[in-house]
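The next block holds one structure in the form of structure tokens; read it before the comments.
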Amino acid sequence: MSIAKTYLPKEAEEKWYSYWLQHNFFRSVPDEREPYTIVIPPPNVTGVLHMGHMLNNTIQDVLIRRARMLGKNACWVPGTDHASIATEAKVVAMLKERGINKKDLSREEFLSYAWEWKEKYGGIILEQLKKLGASCDWERTRFTMDDDMSEAVTDVFIRLYKKGWIYRGVRMVNWDPQGKTAVSDEEVIRKEVNQKLYYIRYALSQEDGLSESGGKDHLIIATTRPETIMADAAICINPNDERYIHLHGKKVFIPLINREIPVILDDYVTMDFGTGCLKVTPAHDLNDYELGQRHHLPVIDILNDDGTLNENAQILVGEDRFAARKKIAVLLEEAGALEKTEDYTSQVGFSERTNAAIEPKLSMQWFCKMQEMAKPALDYVLNGDVKLIPDKFINTYRHWMENVRDWNISRQLWWGQRIPAYYLPNGEYVIAKTIEEALEEAKAITQNPDITAKDLRQEDDVVDTWFSSWLWPISVFDGVKNPDNAEINYYYPTNDLVTAPEILFFWVARMLMAGHELRGQAPFKNVYLTGIVRDKQGRKMSKSLGNSPDPLELIDKYGADGVRVGMLLCSPAGNDLMFDESYCEQGRNFFNKVWNAFKLVKGWEVNDKLSNPNAIAIEWFESRFNQALTEIEENFAQYRLSEALMATYKLVWDDFCAWYLEMIKPAYQQPIDKETYNRTITLFENILKVLHPFMPFITEELWHDELFGERTESDCCIVAQLPLNGQVNTQLINEIGVIQQIIANIRNVRNSKQISPKESLPLAVKATSGIDYIKYEPIIKQLGNIDSFTHTQEQVEGAVNFIGGTDNFYITLNIAVDKEAEQKRLEKERDYLTGFLKSVNAKLNNERFMANAKPEIIENELKKRTDAEVKLKIVEDNLSGLAD
RNA sequence: GGGAGUUUAGCUCAGCUGGUUCAGAGCAUCUGCCUUACAAGCAGAGGGUCACUGGUUCGAACCCAGUAACUCCCA
């Protein structure tokens, strides 16, 4: 069987992915092996695959594949998240396109549309992940609104309610007027916005003849929200503000509506911001709300849920808040109440989901107490039971957990798990899993046996999506409803969680809370936090900027293996990565290199009669391989995936292809001996194993080549066991290091003298180092194209020389040596060595150094000294030889 | 305003407990090569005041203090 000139990723990818599926290699069921578990951060059903997913899932797949090859029972649970706000918005938009208004639908009707939408689009990302090679156990695919997952959510709600950790209350919430729902603090994105600061004149009440005493009949406030003046409950000034002493105890009129409000004193007010007079609008600003509470001010809510002004506003009723802002500015101007406007930039919150400007709004919501749950969740991280990688996130995490506020868990939406609260006609409510249970309880608390299900009304709100996804690592194994089942006992706690730092609080912290509360154990041991994928200019990749490549096109262009390698090459843990397609190109070049190396080996003819001349090369590479294995292992242990990949890359490209294969490569059209051939095939197989987690497809493709002999159906690279660490001959590695130096020097001489690599050269060595060059002669000859290699005690006249290790080498050329240039070069080297020696001696002659430095460091300095002395002598000898 | 982080070659990053030939890698660049696995390649080379200023130390990219720039989080 011959092998194609280049590797064709697409064919191999399709072929092997379905082969793996057919043979159930991704499947995991509990057995006696050690489990290794990852639950996928479930992507939103609304999403399409973006570069963040590519990175995140490449990392997870590398970890999972490696664990599988280490003999663990690797289980990667996939699934999707229902993403209540985002999905509901999509469905509403879809309905709108079809000419259907959500308001005209019943809850049930709307939900059936939503499910229809989910069935159609909800699995797209998972399908796309398959193209990347993701080895998830697809039989375990879960959705956060699967019946049993939802039941778990209800159970947990009831459990926490019974503990007194869930309560209902009026709070200032972040209101999304477009989604018409409250959103949590974490779902509000603050952005700098260019606004105007309106300076508005409020007339003072004249009842006590103030205009004479104060000389003024008005005060001026500065606000960015003039449309909320109708909701003002007071004007607040700082009691220490000397400019306004005359206002103490006075009252003012709100312009346009002429409602009278008091002037109150509170040192909350910053004197040097605006005019120092603050309008207090308790219904529409969190700080004002708290101020209002302190001063017992009325709460006047002038906004409807959709952001339009209501009757309480008296004017501009029905206008949208932003339209109202423009109009009221005109009205104020006309009324002579607008002093001036100024440009002003400030932070405004926007809904993460709908991008609508968030409106602080008072409303009745359900809350989950955080205090008790935050403590153990923080402790897991602080005492190291759960490791954050990189650990710089511990500080942020701690800060958040120590300042956590109660979690608003209700959402005024339909898509999600409906809150299991049932209201009685008298306004009381009961919490129950079903309406039947609710009815029982209602009868009990009201002492009224005649209550029927019809008298009960279930809460309209659903719970926040995170209230279901915080159960994810437990509920995917049915561990909420059946806390002692075999699966959860086997797979929980999971090993690694790979996610973005942005959702450290949203999700990771809450999973820790739920894990502790429900199982007394953190849900995972390590949290690997990936960076944000940015473009070359450092901008976050986004649809609106259009700066994100289409992942599937990338896979098409560079192969899944190329893209995987490309992603990892530029992804240090926790740091953002500046993605550039050239990384994928590098990945593609890499697998191409592997392919070509394979072609070389495959092309060899074996002659049984030949003896093995390559024992040293083989032993050297085996040692290097074992050394690299350790290095790779250490990198993985520290989650330095890009470095593990780089170590693999260099092992394959440099050590194996550039050195080993060149060392053993038979001359053109010459056969190779059997032993070298067989050993090389084994080495190649080991290389495929090490490469597999990074490049699953090409390695599987090559694995099945007949070069490796017959394979049984289930003998696949994906389930092969990684090679064990073997012996490392350090002396051999060091000596080959010197040999490599010598060869580089020979090539350099050729290059600088413009001698063709085809022209063989004579090499002589004057050795004192004790390296047995005879042993390495075949390698030097083969790689340096040397025809004779002689040992000498004398300097070789008229030859070019160089130092390899601490020995002096000569190449006699049949062209004259440029003595002057040679002298200059040697002088330069002499000066360098002299300087170097001086600095080493300075250390060694320093009493404090000798007294304080560790023995091995002193030993090292001594070695540096002897080496430098030897080299200096060589250089000086060569110099005097040149002078003769 | 508060907190955290970053700053090392043209780019992206390593650099562990301060001590290995006066700081390493990959990519990019330059030079020479279509050398029979690979031009998606081979061989070689150049490239750094470790942000800045002080301090500690026999010794600092690394520890300490300050400054600057950038990024993120919270208000």
Side-chain angles (χ1 to χ4, degrees), chain A residues 3 5-7 185-186 190 270 286-287 347 390 392-400 403 501-502 504-505 531-532 534 536 538 558 562 569-572 574-580 582-583 585-604 634-635 638 640 642-643 645-647 649-650 653-654 657-658 661-662 665 667-669 743-752 754-759 783 785 803 806 832-833 835-840 842-854 856-861 863-865 867-868 871:
Chain A
I3 184 159
K5 185 150 194 318
T6 46
Y7 169 61
D185 293 341
E186 292 76 27
R190 279 165 210 288
T270 318
L286 181 58
N287 296 313
Q347 297 270 320
K392 67 176 178 186
F393 287 107
I394 294 175
N395 280 339
T396 336
Y397 181 77
R398 174 169 53 203
H399 185 258
W400 193 78
N403 296 286
E502 304 142 71
L504 186 57
F505 313 132
I532 296 167
R534 295 173 183 279
K536 236 181 152 179
Y558 301 104
L569 278 175
C570 59
S571 63
N575 285 340
D576 289 356
L577 50 118
M578 309 299 157
F579 179 80
D580 187 85
S582 65
Y583 289 111
E585 202 180 322
Q586 199 182 338
R588 181 199 60 185
N589 294 352
F590 184 38
F591 70 58
N592 190 45
K593 185 74 188 175
V594 175
W595 186 260
N596 280 308
F598 190 82
K599 262 170 66 185
L600 173 70
V601 175
K602 196 170 160 63
W604 284 338
E634 283 167 2
N635 283 326
Q638 294 171 77
R640 298 175 172 201
S642 57
E643 284 184 60
L645 171 60
M646 191 42 75
Y649 180 95
K650 285 195 266 192
W653 198 307
D654 298 343
C657 295
L661 290 179
E662 294 297 336
K665 189 166 150 183
Y668 181 52
Q669 286 192 330
I743 289 161
N745 271 307
I746 297 169
R747 288 169 174 170
N748 216 341
V749 168
R750 273 185 211 282
N751 244 351
S752 60
Q754 302 194 325
I755 301 163
S756 155
K758 287 178 188 161
E759 188 184 330
L783 295 188
N785 192 11
I803 296 173
T806 51
Y832 161 74
L833 283 168
F836 176 73
L837 202 52
K838 208 172 141 192
S839 79
V840 174
K843 277 191 202 176
L844 289 169
N845 294 334
N846 184 325
E847 277 174 37
R848 318 240 329 232
F849 173 78
M850 298 305 280
N852 294 325
K854 285 182 228 159
E856 59 268 28
I857 284 155
I858 294 176
E859 208 172 303
N860 214 342
E861 293 299 317
K863 184 173 181 333
K864 275 156 78 175
R865 175 159 72 183
D867 284 359
K871 284 187 186 177

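Computed from a prediction, not measured in an experiment: that's the story for all the values here.
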What interatomic distance, in whole Å, is found between [atom1] of [M] and the corresponding atom of [N]?
{"N": "G2(B)", "M": "G15(B)", "atom1": "C1'", "result": "33 Å"}
{"N": "G10(B)", "M": "A51(B)", "atom1": "P", "result": "13 Å"}
{"N": "G66(B)", "M": "A28(B)", "atom1": "C1'", "result": "37 Å"}
{"N": "A60(B)", "M": "A23(B)", "atom1": "C1'", "result": "13 Å"}
{"N": "U7(B)", "M": "A61(B)", "atom1": "P", "result": "15 Å"}
{"N": "U71(B)", "M": "C34(B)", "atom1": "P", "result": "49 Å"}
{"N": "G59(B)", "M": "U12(B)", "atom1": "P", "result": "35 Å"}
{"N": "C50(B)", "M": "C22(B)", "atom1": "P", "result": "15 Å"}

Between [options], spot the one nearest the side chain of [X], thanks.
{"X": "Asn751(A)", "options": "C38(B), A43(B), G19(B)", "answer": "A43(B)"}
{"X": "Met578(A)", "options": "C27(B), G19(B), U12(B)", "answer": "U12(B)"}
{"X": "Leu661(A)", "options": "G5(B), A37(B), U12(B)", "answer": "A37(B)"}
{"X": "Met646(A)", "options": "A37(B), G26(B), A40(B)", "answer": "G26(B)"}
{"X": "Tyr668(A)", "options": "C73(B), U36(B), A37(B)", "answer": "U36(B)"}
{"X": "Ala744(A)", "options": "A40(B), G44(B), C13(B)", "answer": "G44(B)"}
{"X": "Gln586(A)", "options": "G19(B), C27(B), A43(B)", "answer": "C27(B)"}

Distance in angstrom units between [X] [atom1] and [N] [atom2], rounded:
{"X": "Lys838(A)", "N": "G59(B)", "atom1": "NZ", "atom2": "P", "answer": "17 Å"}
{"X": "Leu569(A)", "N": "U12(B)", "atom1": "CG", "atom2": "C1'", "answer": "10 Å"}
{"X": "Phe505(A)", "N": "C72(B)", "atom1": "CZ", "atom2": "C1'", "answer": "10 Å"}
{"X": "Tyr558(A)", "N": "A40(B)", "atom1": "OH", "atom2": "C1'", "answer": "11 Å"}
{"X": "Phe849(A)", "N": "G19(B)", "atom1": "CZ", "atom2": "C1'", "answer": "7 Å"}
{"X": "Asn395(A)", "N": "U71(B)", "atom1": "CG", "atom2": "P", "answer": "21 Å"}
{"X": "Asn852(A)", "N": "G19(B)", "atom1": "CG", "atom2": "P", "answer": "15 Å"}
{"X": "Leu577(A)", "N": "U12(B)", "atom1": "CG", "atom2": "P", "answer": "12 Å"}

Notebook entry, point to check: When only distance counts, do a donor and an acceptor, one from the side chain of Lys593(A) and one from the base of C38(B), lie under 3.5 Å apart?
Noted result: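 Looking at the base of C38(B), it does pair with a donor or acceptor on the side chain of Lys593(A) (distance under 3.5 Å).
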Notebook entry, point to check: Ignoring hydrogens and angles, are the base of A43(B) and the side chain of Glu662(A) linked by a donor-acceptor pair under 3.5 Å?
Noted result: no
Check: Of Lys863(A) and Gln669(A), whose nearest nucleotide on RNA chain B comes first from the 5' end?
Finding: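 Of the two residues, Lys863(A) wins.
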Notebook entry, point to check: With nearest nucleotides of RNA chain B determined for His399(A) and Ala658(A) from heavy-atom distances, which residue corresponds to the more 5′ nucleotide?
Noted result: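 The answer here is Ala658(A).
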Give none if [N] has no partner; otherwise give the nucleotide forming a Watson-Crick or G-U wobble pair with it, both distances under 3.5 Å.
{"N": "A39(B)", "answer": "none"}
{"N": "G54(B)", "answer": "C64(B)"}
{"N": "A14(B)", "answer": "none"}
{"N": "C34(B)", "answer": "none"}
{"N": "G59(B)", "answer": "none"}
{"N": "C70(B)", "answer": "G5(B)"}

Heavy atoms only, 4.0 Å cut-off, all strands: where does [X] land among base, sugar-phosphate and nothing?
{"X": "Phe598(A)", "answer": "nothing"}
{"X": "Lys650(A)", "answer": "sugar-phosphate"}
{"X": "Ala851(A)", "answer": "nothing"}
{"X": "Asn846(A)", "answer": "sugar-phosphate"}
{"X": "Trp653(A)", "answer": "sugar-phosphate"}
{"X": "Arg747(A)", "answer": "sugar-phosphate"}
{"X": "Phe590(A)", "answer": "nothing"}
{"X": "Asn748(A)", "answer": "sugar-phosphate"}
{"X": "Arg750(A)", "answer": "nothing"}

Heavy-atom closest pair, residues [X] and [Y]:
{"X": "Trp595(A)", "Y": "Thr6(A)", "result": "NE1-C, 3.5 Å"}
{"X": "Leu661(A)", "Y": "Ala597(A)", "result": "CD1-CB, 3.8 Å"}
{"X": "Lys843(A)", "Y": "Lys864(A)", "result": "NZ-NZ, 4.1 Å"}
{"X": "Ala853(A)", "Y": "Ile858(A)", "result": "O-CD1, 3.8 Å"}
{"X": "Leu569(A)", "Y": "Met646(A)", "result": "CD2-CE, 3.5 Å"}
{"X": "Glu861(A)", "Y": "Val840(A)", "result": "O-CG1, 3.4 Å"}

OP1, OP2 of [N] versus side-chain N and O of [X]: anything below 4.0 Å?
{"X": "Lys864(A)", "N": "U21(B)", "answer": "yes"}
{"X": "Lys854(A)", "N": "G19(B)", "answer": "no"}
{"X": "Arg640(A)", "N": "G15(B)", "answer": "yes"}

Note to self: Quick one: does any side-chain atom of Asn596(A) pair with a main-chain N or O of Asn592(A) as donor and acceptor, under 3.5 Å?
What the structure shows: yes
Next item on the list: Look at the rings of Phe836(A) and Tyr832(A) and say which category their plane angle falls in: under 30° parallel, 30 to 60° tilted, over 60° perpendicular.
Entry: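 Parallel: the ring planes of Phe836(A) and Tyr832(A) meet at under 30°.
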Notebook entry, point to check: Would you call Asp867(A) and Lys871(A) a salt bridge, using N to O less than 4.0 angstrom?
Noted result: no
